[in-house]
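Every value quoted in this text rests on a predicted model; they were computed, and no experiment measured them. As a basis for the values below, the full set of heavy atoms in this structure was taken, side chains included, without hydrogen atoms, waters or symmetry mates. Quick note on labels: first sequence line is chain A, next is B, and so on, each numbered from 1.
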Protein chains: 2
Amino acid sequence: MNTQDHNLNMSRILTEYNIRPTTIRKNIAGLLFDGTDRHVSVDDVIEMAHAANVKTSVASVYNTLNRFALAGLLRRVSVDLGRMFFDTNLSEHHHFYYENEGRLEDIPHGLIKVSGLPKLPKGRAVKSINVMVWL
Amino acid sequence: MNTQDHNLNMSRILTEYNIRPTTIRKNIAGLLFDGTDRHVSVDDVIEMAHAANVKTSVASVYNTLNRFALAGLLRRVSVDLGRMFFDTNLSEHHHFYYENEGRLEDIPHGLIKVSGLPKLPKGRAVKSINVMVWL
DNA sequence: TATAATTTTAGAATAGTTCTAATATTCATA
DNA sequence: TATGAATATTAGAACTATTCTAAAATTATA
Ligand SMILES: [Mn+2]
Ligand SMILES: [Mn+2]
Ligand SMILES: [Zn+2]
Ligand SMILES: [Zn+2]
């Protein structure tokens with residue numbers, strides 16, 4: 001897929017998720033959504049943008065990633081104190097956390113099963129279940 | 001159990017865990033280890049200390065809780081960005097997280113079962129498995 | 001094109017946590 | 001019990017990830 005097609009593709013995705021396809025949004029989306037599963041921090045994205053000659057600001061990266069997450073285009077994954085990860089893998093899955101490296105890795109969907117969930121307090125519903133395996 | 005016995009008890013526990021039983025450590029331990037399962041933030045402990053007329057400092061609460069956690073007398077639980085919880089329940093268990101209230105609740109030991117863990121990369125061992133159920 | 005709505009941005013502000021280094025406490029030994 | 005070395009406590013500074021502010025730029029609409 002050439003650059004122009006890729007750009008159009010990003011536009012389509014953003015529009016689909018009700019996000020205005022502005023220049024920096026398309027650029028950041030272009031860095032993240034290439035079909036691979038990523039777990040990026042804000043700093044990662046800033047570095048990726050720099051490496052790709054995408055001119056933007058720290059505030060815009062925060063704004064963009066938070067907006068993507070709110071729209072359901074990224075998933076927030078918080079492990080330890082300090083920094084948030086944004087996950088491009090939207091399927092239901094869990095994570096290995098390599099503590100020394102500060103790195104997340106997907107555990108493929110369907111492998112891990114959680115059973116034995118107790119009855120919930122009345123009026124409560126499960127929003128999500130997150131399993132983190134520390135290595 | 002009277003105050004003096006409780007104090008002696010805290011001394012014993014701290015000594016058992018190779019932590020010098022100093023005054024503020026015994027005081028903070030006394031606030032936390034009363035047999036109930038707690039999930040406290042640093043701010044919680046500062047408030048508890050204040051309410052109990054235990055004079056200390058922010059730095060000391062951080063030092064003390066971190067020391068306790070390192071010694072295995074508390075368990076660190078990080079949920080969302082922002083603040084760390086310290087868990088007095090040392091048994092293997094998982095958590096409900098009440099997102100709106102910012103509150104943790106134990107899921108009793110043995111209820112939840114995690115199965116289907118994939119083979120680990122060579123030379124890696126599981127340090128811990130944490131299940132967080134968001135409500 | 002003109003106008004309104006939204007986004008981008010630099011830098012300030014915020015907040016949880018750690019660091020610094022001076023003072024105080026604890027503990028082993030005399 | 002007194003002495004001194006090791007360790008702990010503390011106020012405030014520093015650090016860092018994130019959010020906020022508000023002015024300038026971009027984008028959508030008429
Ligand atoms: Mn990274
Ligand atoms: Mn609380
Ligand atoms: Zn993932
Ligand atoms: Zn717990």
Side-chain angles (χ1 to χ4, degrees), chain A residues 7-8 10-12 14-15 17-31 39-50 53-71 73-74 76-86 102-104, chain B residues 7-8 10-31 39-50 53-71 73-74 76-86 102-104:
Chain A
N7 230 30
L8 271 172
M10 292 306 115
S11 255
R12 265 200 313 108
L14 294 176
T15 304
Y17 280 80
N18 288 309
I19 299 166
R20 261 203 203 172
T22 63
T23 302
I24 66 113
R25 285 174 182 168
K26 282 184 285 183
N27 281 331
I28 290 179
L31 296 171
H39 305 90
V40 296
S41 67
V42 164
D43 280 352
D44 290 336
V45 175
I46 290 170
E47 281 172 34
M48 289 163 79
H50 185 252
N53 268 13
V54 169
K55 212 215 154 241
T56 184
S57 67
V58 174
S60 287
V61 174
Y62 275 100
N63 286 345
T64 302
L65 297 183
N66 283 334
R67 173 69 69 99
F68 285 8
L70 194 68
L73 192 50
L74 284 175
R76 302 169 72 93
V77 182
S78 158
V79 192
D80 219 344
L81 270 189
R83 79 160 159 320
M84 179 63 72
F85 288 97
F86 293 86
R103 180 170 63 82
L104 282 172
Chain B
N7 229 31
L8 272 172
M10 292 306 115
S11 256
R12 266 200 312 107
I13 292 175
L14 295 176
T15 304
E16 221 166 79
Y17 279 81
N18 287 309
I19 299 166
R20 261 203 203 173
T22 64
T23 301
I24 66 115
R25 285 173 183 169
K26 282 184 286 185
N27 281 332
I28 291 179
L31 295 171
H39 305 90
V40 295
S41 67
V42 164
D43 280 353
D44 290 336
V45 175
I46 290 170
E47 280 172 33
M48 291 164 78
H50 185 253
N53 267 13
V54 168
K55 212 216 154 237
T56 184
S57 66
V58 174
S60 287
V61 173
Y62 274 101
N63 287 344
T64 301
L65 297 182
N66 283 334
R67 174 68 68 99
F68 285 6
L70 194 69
L73 190 51
L74 283 175
R76 302 169 72 93
V77 182
S78 158
V79 191
D80 218 344
L81 271 187
R83 79 162 160 317
M84 180 63 70
F85 288 97
F86 293 87
R103 180 170 62 83
L104 283 172

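Summarising the geometry of Phe86(A) relative to Leu74(A), their closest heavy-atom pair is CB-CD1, 3.9 Å, with the distance given to 0.1 Å. Across all their heavy atoms, Lys26(A) and Asn7(A) have their closest contact at CD-O, 4.2 Å. Considering all non-hydrogen atoms of both residues, Ala71(B) and Tyr17(B) come closest at O-CD2, 3.3 Å.
Between the NZ atom of Lys26(B) and the P atom of dT26(C) there is a distance of 7 Å, rounded to whole Å. Distance, Asn27(B) CG to dA8(D) P: 16 Å, rounded to whole Å. Atom-to-atom, CZ of Arg67(A) to P of dT18(D) comes out at 18 Å; the value is rounded to the nearest Å. Atom CD1 of Ile28(A) is separated from atom C1' of dT9(C) by 12 Å (rounded to the nearest Å).
Phosphate contact (OP1/OP2 of dT9(D), side-chain N/O of Ser60(B), threshold under 4.0 Å): absent. For dT26(C), neither phosphate oxygen OP1 nor OP2 lies less than 4.0 angstrom from any side-chain nitrogen or oxygen of Arg25(B).
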Tell me, for nucleotides 22-30 of chain D in 5' to 3' order, what letter each nucleotide earns: B for a base near a protein heavy atom under 4.0 Å, S for only sugar-phosphate near one, - for neither? -----SS--

Assess whether side-chain contact (heavy atoms from CB on, under 4.5 Å) is satisfied between Val77(A) and Leu104(A), documenting all intermediate values. CA-CA 9 Å; Val77(A) 182; Leu104(A) 282 172; 3.7 Å; yes

Residues Asn66(A), Arg76(A); criterion side-chain contact (heavy atoms from CB on, under 4.5 Å); working and verdict: CA-CA 9 Å; Asn66(A) 283 334; Arg76(A) 302 169 72 93; 2.8 Å; yes

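Looking at the side chain of Ile24(A), the nearest of the listed nucleotides dT9(C), dT9(D), dA8(D) is dT9(C).
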Under 3.5 Å, N/O pairs linking protein and nucleotides 14-22 of chain C:
{"unit_1": "dG16(C)", "atom_1": "O3'", "unit_2": "Gly82(B)", "atom_2": "O", "d": "2.8"}
{"unit_1": "dT17(C)", "atom_1": "OP1", "unit_2": "Met84(B)", "atom_2": "N", "d": "2.9"}
{"unit_1": "dT17(C)", "atom_1": "OP2", "unit_2": "Tyr62(B)", "atom_2": "OH", "d": "2.8"}
{"unit_1": "dT17(C)", "atom_1": "O5'", "unit_2": "Tyr62(B)", "atom_2": "OH", "d": "3.4"}
{"unit_1": "dT18(C)", "atom_1": "OP2", "unit_2": "Asn66(B)", "atom_2": "ND2", "d": "3.1"}

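To the nearest 0.5 Å, atoms CD1 (Ile19(B)) and OG (Ser11(B)) are separated by 11.5 Å.
Here the side chain of Ser78(A) pairs no donor or acceptor atom with the backbone of Met84(A) at under 3.5 angstrom.
A donor atom on one side chain and an acceptor atom on the other are found under 3.5 Å apart for Ser41(A) and Asp44(A).
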